[in-house]
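In what follows, a structure is listed as structure tokens, so that the remarks can point back to it.
Chain A is the first sequence line, chain B the second, and so forth, proteins listed ahead of strands; every chain is numbered from 1. Every heavy atom of this structure was used, including side-chain atoms; hydrogens, water molecules and symmetry mates were not.
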There are 2 protein chains.
Amino acid sequence: MPKSSKKELNREGLLNQGVVFFMNQGYHGTGLQEILDAVNVPKGSFYNYFSSKEEFGAAVIQHYIEPFISRLSTHLQQSGSDALGAIRRYFDELIVELEENKFKGGCLLGSLMGEIGSTSDVCQQSLQSAIARYRDLLQSGLAQAQQQGSVRTDKTPEEMADLLINTWQGALLRMQIEKSSAPVKQCCHDLLDDFFIR
Amino acid sequence: MPKSSKKELNREGLLNQGVVFFMNQGYHGTGLQEILDAVNVPKGSFYNYFSSKEEFGAAVIQHYIEPFISRLSTHLQQSGSDALGAIRRYFDELIVELEENKFKGGCLLGSLMGEIGSTSDVCQQSLQSAIARYRDLLQSGLAQAQQQGSVRTDKTPEEMADLLINTWQGALLRMQIEKSSAPVKQCCHDLLDDFFIR
DNA sequence: TCATTAAAAACGACCGGTCGTATTTTTAAA
DNA sequence: TTTAAAAATACGACCGGTCGTTTTTAATGA
């Protein structure tokens with residue numbers, strides 16, 4: 001086995017487990033040891049992969065958002081003349097997975113925004129860029145939908161993308177403590193089937 | 001000074017500082033010692049006031065929501081025939097204060113929902129009841145506004161109250177990392193000046 | 001052989017919580 | 001009303017453990 005790929009494999013494993021633990025227990029609620037044990041990486045080796053827990057956190061954030069961007073991007077590319085439908089189907093997919101996970105977790109970005117968004121500059125910047133990338137993609141999808149006539153044009157795509165992201169985040173928090181998918185479903189219905197339509 | 005009130009005073013001080021620290025640094029990011037030092041209460045005395053950090057957290061949550069409920073309640077009572085205006089003015093007030101605080105903090109409920117909403121049963125229940133109380137009040141205000149003809153009646157007050165709370169929470173998270181009041185302003189405008197009106 | 005990297009061991013600081021004890025407050029009997 | 005017993009509170013030292021990080025040693029590759 002090539003040595004360089006094993007290191008990359010370990011790094012990937014750390015990031016994956018970082019997502020899981022940070023999501024379930026929060027940033028300060030998760031010790032490096034837990035993550036390291038889950039990937040069988042010695043504690044002393046951690047700093048060969050990341051320079052600090054904070055930098056690790058920032059990397060986890062970027063690692064977390066990637067699949068969401070690529071999935072939404074795929075949906076948008078597939079459905080040529082129905083961008084709004086693509087967005088609907090994308091969120092419906094997410095809701096199904098949330099239900100499968102019994103409403104544990106929610107969104108790592110939302111949780112970390114509240115926990116360390118104001119205290120860690122490094123993570124704050126990572127959160128900023130992650131959300132900006134996500135927002136830009138959603139915005140382009142809504143712009144498509146506007147051109148296709150399925151979404152109101154008296155609001156900018158940016159405004160609607162921000163509103164959708166923010167409401168989704170709030171609904172995810174709510175879902176966690178209500179242990180119900182009603183908030184996220186309501187969120188999608190209110191915005192995608194009503195407010196965004198004119 | 002009556003001695004019995006000193007205990008109540010200490011307890012109150014602990015709760016107040018608990019709100020501040022939990023909001024700025026999160027639950028796991030805040031040590032009891034920090035809070036105790038801020039109120040000049042010895043470590044050993046803490047457990048005369050609260051049985052554990054977790055129970056303390058649950059109490060802090062209830063302590064936090066109280067002023068918001070009474071403030072919104074006051075606004076609703078004052079403006080007899082303009083419940084929607086009362087809600088608008090209430091949130092406008094909050095926005096001003098958020099700007100004064102330079103967007104540090106946000107909402108304790110939102111932060112704690114993400115951080116410990118899934119791990120601490122005690123705090124989860126406290127969050128549930130706090131939000132339910134807040135939601136019920138907002139719901140009654142929206143119902144008034146419906147009867148007054150200023151809010152659409154094809155959606156239930158409960159649905160709109162939930163949507164407003166969730167969007168507000170998400171916007172507060174967003175505000176923290178963007179260091180701008182634009183998200184919360186947008187949230188109020190989109191819902192209170194558009195979506196709720198028909 | 002000698003740099004470079006992985007891993008083990010150790011670091012001090014701090015965590016939430018407990019302990020014994022001193023002091024105060026409450027209760028109830030005298 | 002006084003007094004004794006009991007319950008509650010105040011307090012700081014201290015518990016075992018874990019935190020994130022650093023230093024030191026072992027292994028590896030050129």
Rounded distance (Å) that lies between atom C1' of dC11(D) and atom CG of N40(B):
13 Å
Which pairs pass salt bridge (charged side-chain N to carboxylate O under 4.0 Å, His left out) with one or both residues in residues 49-66 of chain B, sequence neighbours excluded?
E66(B)-R133(B)
Between dT18(D) atom P and D37(A) atom CG, what is the distance in whole Å?
11 Å
So if I take residues 22-34 of chain B and measure heavy-atom distances to DNA chain D, which residues fall below 4.0 Å?
none
What I want to find out is whether R71(B) reaches E97(B) closely enough, with some N-O distance under 4.0 Å, to be called a salt bridge.
yes
Rounded to whole angstroms, how far apart are NZ on K53(A) and C1' on dT21(D)?
12 Å
Considering just the side-chain nitrogens and oxygens of N48(A), establish if one lies under 4.0 Å of OP1 or OP2 belonging to dT5(C).
no
side-chain hydrogen bond (donor to acceptor under 3.5 Å, both in side chains) involving N16(A) - partner list, sequence neighbours excluded:
H63(A)
Pairs in or reaching into residues 92-114 of chain B: which pass ring pair (Phe, Tyr, Trp, His ring centres under 6.0 Å), with residues at least two apart or in two chains?
none
Between the first and last five pairs of the helix from dT1(C)-dA30(D) to dA30(C)-dT1(D), the angle of the axes, rounded to 10 degrees
10°
Once side chain to side chain contact (heavy atoms under 4.5 Å, CB included) is applied, do any residues pair with Q78(B), and if so which ones, sequence neighbours excluded?
T74(B)
Pairs in or reaching into residues 10-31 of chain A: which pass ring pair (Phe, Tyr, Trp, His ring centres under 6.0 Å), with residues at least two apart or in two chains?
F22(A)-Y27(A), F22(A)-F56(A)
For dA10(D), take OP1 and OP2 only and decide whether either is under 4.0 Å from a side-chain N or O of Y49(B).
yes
Between S45(A) and dA6(C), is there a contact of a side-chain N or O with OP1 or OP2 at under 4.0 Å?
no
Over how many whole Å does the gap from Y47(A) atom OH to dC19(D) atom P extend?
11 Å
Tell me: CG of N10(B) to P of dA8(D), nearest whole Å?
19 Å
Distance, rounded to the nearest Å, where F50(A) contributes CZ and dT22(D) contributes C1'
19 Å
Ring pair (Phe, Tyr, Trp, His ring centres under 6.0 Å) pairs, two or more places apart, involving residues 146-168 of chain A:
F91(A)-W168(A)
Output the rounded distance in Å from CG (L14(B)) to C1' (dT9(D)).
14 Å
With the criterion being N/O to N/O and under 3.5 Å, what pairs connect the protein with nucleotides 13-17 of chain D, and how long is each?
none

Does a donor on one side chain and an acceptor on the other come within less than 3.5 Å for T153(B) and Q147(B)?
no
K104(B) meets the side chain to side chain contact (heavy atoms under 4.5 Å, CB included) criterion, sequence neighbours left out, with none
I need the full list of side chain to side chain donor-acceptor pair (under 3.5 Å) pairs touching residues 36-47 of chain A, with sequence neighbours left out, sorted by first then second residue.
Q33(A)-D37(A)
Which residue pairs satisfy the salt bridge (charged side-chain N to carboxylate O under 4.0 Å, His left out) criterion with at least one member in residues 168-192 of chain A, sequence neighbours excluded?
E99(A)-K185(A), R174(A)-E178(A), R174(A)-D162(B), D190(A)-K155(B)
